[in-house]
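Just so you know, these numbers use all the heavy atoms, side chains as well, and skip hydrogens, waters and symmetry mates. It should be emphasised that the depicted structure is a prediction, and the values quoted were computed from it without experimental measurement.
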Amino acid sequence: MSSESVPADEPSTVAIVGAGAIGGVLADAVSRAGHEVVLCVRTPVPSLTVGRDGAEREVPATVVADPAGLAGPVDWVLVTTKGHQTAGAFPWLRRLAGPGTPVVAVQNGVDHVRRLAGASLPGPVLPALAWIWARREEPGRVAHAGGHRLIVPEVPVGRAFANLLAGGPIDVELSADFVTDAWRKLLTNVAASPITALTGRTMEVLHSPGIGSLVRGLLAEAVAAGNAAGAHLTDADVAATLDWYQSLAGARGTSMLEDRRAGRPTEHDDITGAVVRAADRHGVDVPLNRAVLALLTATSPAA
């Protein structure tokens, strides 16, 4: 069934590929908006519990651990895996996505559509930026610490997605300049994530001697690469990112740091790699990001 033909008051079936922190929060949001949730996981979990504001809720969901167990296409698919895990979602997408099924890529970086190109999807792909902070405490248990925004392009399928989640705890904002918004979101990751991962320290490391100039240099290079790629960023975006870093508790980690500590592959190619690829395409010099990418590549196990 096409998403554009689903009335606002008619429940849809929404499959979520990836049961990490963001996937858990969105499963809860989809359920609270009145829709059926199919949770697609690599490792079976008996249930999904999401904690928010001191309360926990078990999310009504059908948990499936094998794409062969799916009946067929659904109304919507949300891909919430990390960027380097996207290819692992392809077997699920081949069963879940029909011609009328929008696939929403809720991931970091600026290359959402490119990552899903290999799946040869018959329907539209909608990139989405998550301003949501959550932590997967254990399999099947997610803590939603803050943030309730998703940003999507202002296109018909984006409006349909906003309608899908209306009434739930997550707000979907429509962007008239998604390229700029995507690069602005990338700025929040492009310095803090690699520096914490490489040093093995939490956000307090950003206040260490010499690190401040590295942070500003990484951000300035990302602004130059993003603008060359079509974004409209200014020094004010760098200042806003620095202010945001300053507002975070020093003991707070990053997802990349958690992956590094756990010996898992990191998202460096979708964050720092995105800056370097854009710079290469447009002839922009980004020596700091290039060096950081080389270090992250050398220290991350293969995906």
Side-chain angles (χ1 to χ4, degrees), residues 18 20-22 79-87 105-116 127-134 147 151 178-203 205-206 211 214-231 233 237-238 240-242 244-245 248 252-262 264-282 284 286-303:
I22 298 300
V79 176
T80 63
T81 64
K82 292 187 176 180
H84 58 272
Q85 299 169 330
T86 303
V106 189
Q107 297 177 313
N108 282 328
V110 296
D111 298 322
H112 304 66
V113 176
R114 178 188 64 82
R115 289 187 211 115
L116 287 170
L129 310 171
W131 289 88
I132 295 168
W133 295 275
I151 300 178
F178 187 80
V179 171
T180 297
D181 282 325
W183 277 91
R184 190 170 286 137
K185 176 66 165 54
L186 187 70
L187 291 182
T188 67
N189 289 313
V190 83
S193 292
I195 290 174
T196 56
L198 288 171
T199 61
R201 294 169 61 183
T202 61
M203 292 291 288
V205 72
L206 301 187
I211 297 296
L214 174 60
V215 168
R216 288 187 290 273
L218 290 169
L219 293 174
E221 289 182 0
V223 166
N227 286 344
L233 302 170
D237 292 299
V238 173
T241 302
L242 292 171
W244 185 69
Y245 286 167
L248 299 177
R252 180 170 172 169
T254 63
S255 176
M256 193 179 290
L257 171 61
E258 291 177 6
D259 286 340
R260 177 83 194 282
R261 285 175 168 174
R264 297 187 294 257
T266 61
E267 266 188 303
H268 58 275
D269 189 60
D270 297 298
I271 295 174
T272 307
V275 175
V276 172
R277 283 191 296 275
D280 287 344
R281 287 195 302 269
H282 300 285
V284 176
V286 289
L288 294 177
N289 278 276
R290 196 177 300 280
V292 165
L293 179 61
L295 292 170
L296 290 168
T297 303
T299 56
S300 176

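Counting heavy atoms from C-beta outward, Val79 and Arg115 have side chains that stay 4.5 Å or more apart. Residues Ile271 and Leu296 have side chains not in contact (no heavy-atom distance under 4.5 Å, counting atoms from C-beta outward).
For the pair Thr196 (side chain) and Ser193 (backbone), a donor-acceptor distance under 3.5 Å is present. Between the side chain of Arg281 and the backbone N or O of Ala225, no donor-acceptor pair lies under 3.5 Å.
The aromatic rings of Trp133 and Trp244 sit tilted relative to each other, their planes meeting at an angle between 30° and 60°.
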Quick one: do Arg277 and Asp280 satisfy salt bridge (Lys or Arg N to Asp or Glu O under 4.0 Å)? Show the steps, please. CA-CA 5 Å; Arg277 283 191 296 275; Asp280 287 344; over 6 Å; no
| said: Run His268 and His84 through side-chain contact (heavy atoms from CB on, under 4.5 Å) and show every step you take. | reply: CA-CA 9 Å; His268 58 275; His84 58 272; over 6 Å; no
(message) Set out, in order, the CA-CA distance, both residues' side-chain angles and the distance that settles side-chain contact (heavy atoms from CB on, under 4.5 Å) for Val106 and Ile132, then state yes or no.
(response) CA-CA 11 Å; Val106 189; Ile132 295 168; over 6 Å; no
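To the nearest 0.5 Å, atoms CG (Leu242) and CG (Leu219) are separated by 5.5 Å. Once rounded to the nearest 0.5 Å, the distance linking CG of Leu218 with CG of Leu187 reads 10.5 Å. Rounding to the nearest 0.5 angstrom, the gap separating the CG atom in Leu288 from the OG1 atom in Thr272 is 11.0 Å. The CG atom of Leu206 sits 7.5 Å away from the CD1 atom of Ile211 when rounded to the nearest 0.5 Å. Here the straight-line distance linking atom CG of Asp270 with atom OG1 of Thr86 works out to 6.5 Å at 0.5 Å rounding. Between the CG atom in Leu233 and the CG atom in Asn227 there is a gap of 5.0 Å [rounded to 0.5 Å].
Shown here for Pro265 and Pro301, the closest heavy-atom pair between the two residues is CB-O, 3.5 Å. Across every non-hydrogen atom of Arg260 and Thr266, the tightest pair is N-CG2, 4.1 Å. Summarising the geometry of Ala192 relative to Met203, their closest heavy-atom pair is CB-SD, 3.8 Å, with the distance given to 0.1 Å. Closest heavy-atom contact between Val292 and Pro194: CG1-CB, 3.5 Å. Scanning all heavy atoms of the two residues, the minimum distance from Glu267 to Gly83 falls at OE2-N, 3.5 Å. Scanning both residues, Gly109 and Leu129, for their nearest heavy atoms gives O-CD2, 4.3 Å.
Qualifying side-chain contact (heavy atoms from CB on, under 4.5 Å) partners for Leu295, counting only residues two or more places apart in sequence or in other chains: Leu198. By the side-chain contact (heavy atoms from CB on, under 4.5 Å) test, Ala105 is found to be paired with Gln107, His112, Leu116, residues two or more places apart in sequence or in another chain being considered.
Lys185 pairs in a side-chain contact (heavy atoms from CB on, under 4.5 Å) with only one of the listed residues (Val110, Ile151, Val190, Asn108), which is Asn108.
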